[in-house]
Visitor: 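Let me give you the structure first, and then I'll get to my questions.
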Amino acid sequence: MAAEGDFLIRYRAVSNKLKNISHNYQFFILVSDLKNMWKWFVCLRSCEQTLFNAAGEALALTDAARLFLASEQETRALRAPGFDENMQAAMNCYSFAIKVCIEMNQPVMAASLSLELGNALKEMNRPGEAIVHFQRAAELQIQTPIEALLSLWEMASCKILTRDYDGALAVLSEMQHMCQERGLQLPGTNTPVGAFMDIIAKCEISRVLLLMLLEPPPQKLLPEHAQTLERYAWESFDSHSQVNFLPENVFLLLQSVVMACQEKDTESLKALQTELWPLLSAEQNHLLHLVVQERITPSGQGI
């Protein structure tokens with residue numbers, strides 16, 4: 001209690017001197033002696049607010065958030081019981097820091113903090129909570145399409161982890177549309193190039209697998225999803241010309257997967273899974289595994 005009282009006396013004494021900016025260094029000396037995170041956070045943020053230093057306030061909030069986050073990670077590593085108080089404090093600090101960055105008209109900084117928090121939650125096996133932060137990052141990155149698409153990809157990944165397959169399909173469809181609308185294109189064509197082409201290819205594969213997993217009835221199939229499945233129908237003439245962003249072998253294998261699912265041919269689907277396995281990402285292989293399991297144990301049991 002004596003130590004706490006001494007701290008408060010020193011805090012008030014230095015705070016009273018903040019009217020004179022030349023005394024600001026004394027405040028940082030006080031901060032450097034702190035051992036508890038909440039004291040560090042209160043003092044430094046209060047200092048920056050008093051000096052109307054928004055950049056310093058954002059930095060103080062970010063540092064405090066990372067300290068709380070590190071403490072939460074340490075608690076989890078030790079498997080110690082707790083009430084999630086450090087994680088809640090970290091999320092609050094991140095939220096305030098993002099707000100300050102937005103007020104400073106620094107959307108890139110705000111987006112990076114949203115991504116940092118989203119990635120931390122995802123690594124802690126809390127993808128459901130991470131979704132909103134990846135979505136916020138994408139909204140803040142509206143002027144930088146590639147970064148926004150990468151944030152949306154993380155959002156779709158979290159929806160898959162939480163088994164919100166309809167939501168993941170909607171996000172991936174939005175990403176493909178964004179690539180077509182805002183991506184760099186070859187002169188005189190509507191064909192995106194570079195990273196935009198790669199993102200379209202990844203989205204296409206995942207969307208086809210999600211459609212095979214969900215199997216929406218024809219009356220509930222959205223027009224863009226119906227168009228996607230039509231490209232993989234055997235009846236389509238020169239179908240690969242419509243999906244030239246995919247290697248021909250991947251396209252033919254996906255076409256075979258669609259046919260096997262429609263014919264409910266489980267054995268062929270298993271054989272196709274083996275061939276596709278080295279060509280897909282870990283997440284796409286997970287989706288393909290769910291598709292196979294759903295055929296083996298239907299009526300939603302595989303999902």
Side-chain angles (χ1 to χ4, degrees), residues 107-116 118-119 122 127 130-161 164-213 222-232 236 238-255 257-258 276 278-288:
V108 175
M109 292 175 60
S112 68
L113 292 175
S114 292
L115 282 174
E116 189 174 318
N119 285 322
K122 188 178 178 182
I131 289 172
V132 65
H133 301 290
F134 288 126
Q135 183 177 15
R136 190 176 189 183
E139 291 168 354
L140 291 166
Q141 294 166 324
I142 190 66
Q143 299 301 323
T144 52
I146 286 292
E147 284 76 8
L149 287 165
L150 294 176
S151 297
L152 287 172
W153 182 264
E154 291 294 338
M155 180 181 170
S157 177
C158 287
K159 285 184 176 290
I160 289 172
L161 289 172
D164 180 8
Y165 302 118
D166 283 300
L169 182 60
V171 173
L172 292 168
S173 298
E174 179 187 350
M175 289 173 64
Q176 275 196 313
H177 180 72
M178 185 185 296
C179 286
Q180 296 286 355
E181 292 294 318
R182 304 189 60 195
L184 297 175
Q185 298 177 346
L186 291 171
T189 71
N190 294 324
T191 305
V193 296
F196 293 100
M197 180 74 83
D198 294 338
I199 291 172
I200 286 180
K202 290 170 64 178
C203 290
E204 179 81 1
I205 295 171
S206 296
R207 288 178 68 239
V208 170
L209 294 174
L210 283 167
L211 285 168
M212 293 301 97
L213 180 61
L222 296 178
E224 61 265 28
H225 299 157
Q227 291 173 6
T228 298
L229 292 179
E230 285 173 7
R231 292 199 290 264
Y232 294 88
S236 298
D238 195 18
S239 302
H240 185 246
S241 63
Q242 303 177 44
V243 285
N244 54 9
F245 44 81
L246 286 180
E248 188 171 3
N249 62 330
V250 175
F251 169 77
L252 291 174
L253 287 169
L254 278 178
Q255 194 177 48
V257 166
V258 172
L276 273 168
L279 304 175
L280 304 182
S281 68
E283 185 174 86
Q284 290 164 348
N285 276 317
H286 172 65
L287 289 174
L288 181 55

Visitor: Would L254 and M212 count as a side-chain contact (heavy atoms from CB on, under 4.5 Å) here? Give the steps.
Guide: CA-CA 10 Å; L254 278 178; M212 293 301 97; over 6 Å; no
Visitor: If every non-hydrogen atom of Q284 is compared with every non-hydrogen atom of L209, which pair is closest and at what distance?
Guide: O-CD1, 3.4 Å
Visitor: Verify, without hydrogens or angle tests, whether R182 (side chain) and I142 (backbone) share a donor-acceptor contact under 3.5 angstrom.
Guide: yes
Visitor: Roughly how far, to the nearest 0.5 Å, is CG of L169 from CG of D164?
Guide: 10.0 Å
Visitor: Where is the tightest heavy-atom contact between F134 and G118, given as atom of each residue plus distance?
Guide: CZ-C, 3.4 Å
Visitor: Are S157 and K122 side-chain neighbours, meaning at least one heavy-atom pair lies under 4.5 Å?
Guide: yes
Visitor: In Å and rounded to the nearest 0.5 Å, what is the SG to CE distance from C158 to M155?
Guide: 9.0 Å
Visitor: Begin from the C-alpha positions of V258 and L211 and carry the test side-chain contact (heavy atoms from CB on, under 4.5 Å) through to its verdict.
Guide: CA-CA 9 Å; V258 172; L211 285 168; over 6 Å; no
Visitor: What's the separation between atom CG in L210 and atom CD1 in I205, rounded to the nearest 0.5 Å?
Guide: 12.0 Å
Visitor: Contact between M178 and L152 at the side-chain level, heavy atoms closer than 4.5 Å - yes or no?
Guide: yes
Visitor: Starting at CG of L149, measure out to CD of E174 and round the result to the nearest 0.5 Å.
Guide: 9.0 Å
Visitor: Of all the heavy-atom pairs spanning L140 and P107, show the shortest one and how long it is.
Guide: O-CB, 3.7 Å
Visitor: Please give me the minimum heavy-atom distance between N285 and L280, naming the atom from each residue.
Guide: ND2-O, 3.4 Å
Visitor: Roughly how far apart are E248 CD and Q255 CD, rounded to 0.5 Å?
Guide: 10.0 Å
Visitor: To the closest 0.5 Å, what do you measure between NE2 (H177) and SG (C203)?
Guide: 13.0 Å
Visitor: Looking at every heavy atom in both S114 and R136, which two are closest together, and how far apart are they?
Guide: OG-CD, 3.9 Å
Visitor: Which pairs pass salt bridge (charged side-chain N to carboxylate O under 4.0 Å, His left out) with one or both residues in residues 190-209, sequence neighbours excluded?
Guide: E204-R207, E204-R231
Visitor: Taking C-beta and beyond as the side chain, do I200 and Q180 meet within less than 4.5 Å on heavy atoms?
Guide: yes
Visitor: Going through the checks in order, is the side-chain contact (heavy atoms from CB on, under 4.5 Å) test met by V257 and Y232?
Guide: CA-CA 9 Å; V257 166; Y232 294 88; over 6 Å; no
Visitor: Could you tell me if the side chain of S206 sits less than 4.5 Å from the side chain of W153, heavy atoms only?
Guide: yes
Visitor: Take E147 and L115 through the side-chain contact (heavy atoms from CB on, under 4.5 Å) test and state the conclusion after the steps.
Guide: CA-CA 10 Å; E147 284 76 8; L115 282 174; over 6 Å; no
